[in-house]
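Below is one structure; the comments refer to it alone.
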Amino acid sequence: MAAEPDFVFDEHVPSGGVYANDARVWHTRHEFTVDFLAPWLHPVPVTESQLIVARVRIPSTAMFGIVQIMSNGVGDYEAEHRRLTPPPMEAS
């Protein structure tokens, strides 16, 4: 059995992570950019905007492998807990 990799956090990345409940993906010819979003927390909501809590740039050559890893993670979650279903669509 292979040893687990030793991960080290960059000094600018909180070791507890950041909360995100949405994401947007956009791309150029050479890379994908994933913006992870959370509701803008403000005492008085002034807009419907969301806060970008992390931005990750991924070379296009790595994207397929990352999508596979995420899909496998969802499969593992569903096997252990429950099937995930999309939330109901909100009425506009």
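Since we're looking at a predicted model, the values are computed, not measured.
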Contacts of type side chain to side chain contact (heavy atoms under 4.5 Å, CB included), residue P59, not counting sequence neighbours: T61, A62
If two hydrophobic side chains count as joined below 4.5 Å and joins carry through other members, does M70 share a cluster with V56? yes
Between I58 and I66, is there a side-chain heavy-atom distance shorter than 4.5 Å? yes
Considering only Ile, Leu, Val, Met, Phe, Trp and Tyr, and joining two whenever side-chain heavy atoms are under 4.5 Å apart, list the other residues clustered with V8. none
Results of side chain to side chain contact (heavy atoms under 4.5 Å, CB included) for D22 - residues two or more places apart only: R24, L37, Q50
Mind checking who shares a hydrophobic cluster with Y19, ILVMFWY linked at side-chain heavy-atom distances under 4.5 Å? none
Hydrophobic cluster (4.5 angstrom, side-chain heavy atoms) - remaining members for L84: V74, Y77
Here the salt bridge (Lys or Arg N to Asp or Glu O under 4.0 Å) pairs for residues 65-74, sequence neighbours left out, are none
When every non-hydrogen atom of N21 is compared with those of A38, the smallest separation belongs to OD1-CA, 3.8 Å
Under the side chain to side chain contact (heavy atoms under 4.5 Å, CB included) test, residues paired with D10 that sit two or more places apart: H12, V13
Those residues at least two apart in sequence (or on a different chain) that pass side chain to side chain donor-acceptor pair (under 3.5 Å) with R55 are D35
Residues forming a side chain to side chain contact (heavy atoms under 4.5 Å, CB included) with S60, sequence neighbours excluded: F32
Just jot down the ring pair (Phe, Tyr, Trp, His ring centres under 6.0 Å) partners of F36, sequence neighbours excluded, or say none. none
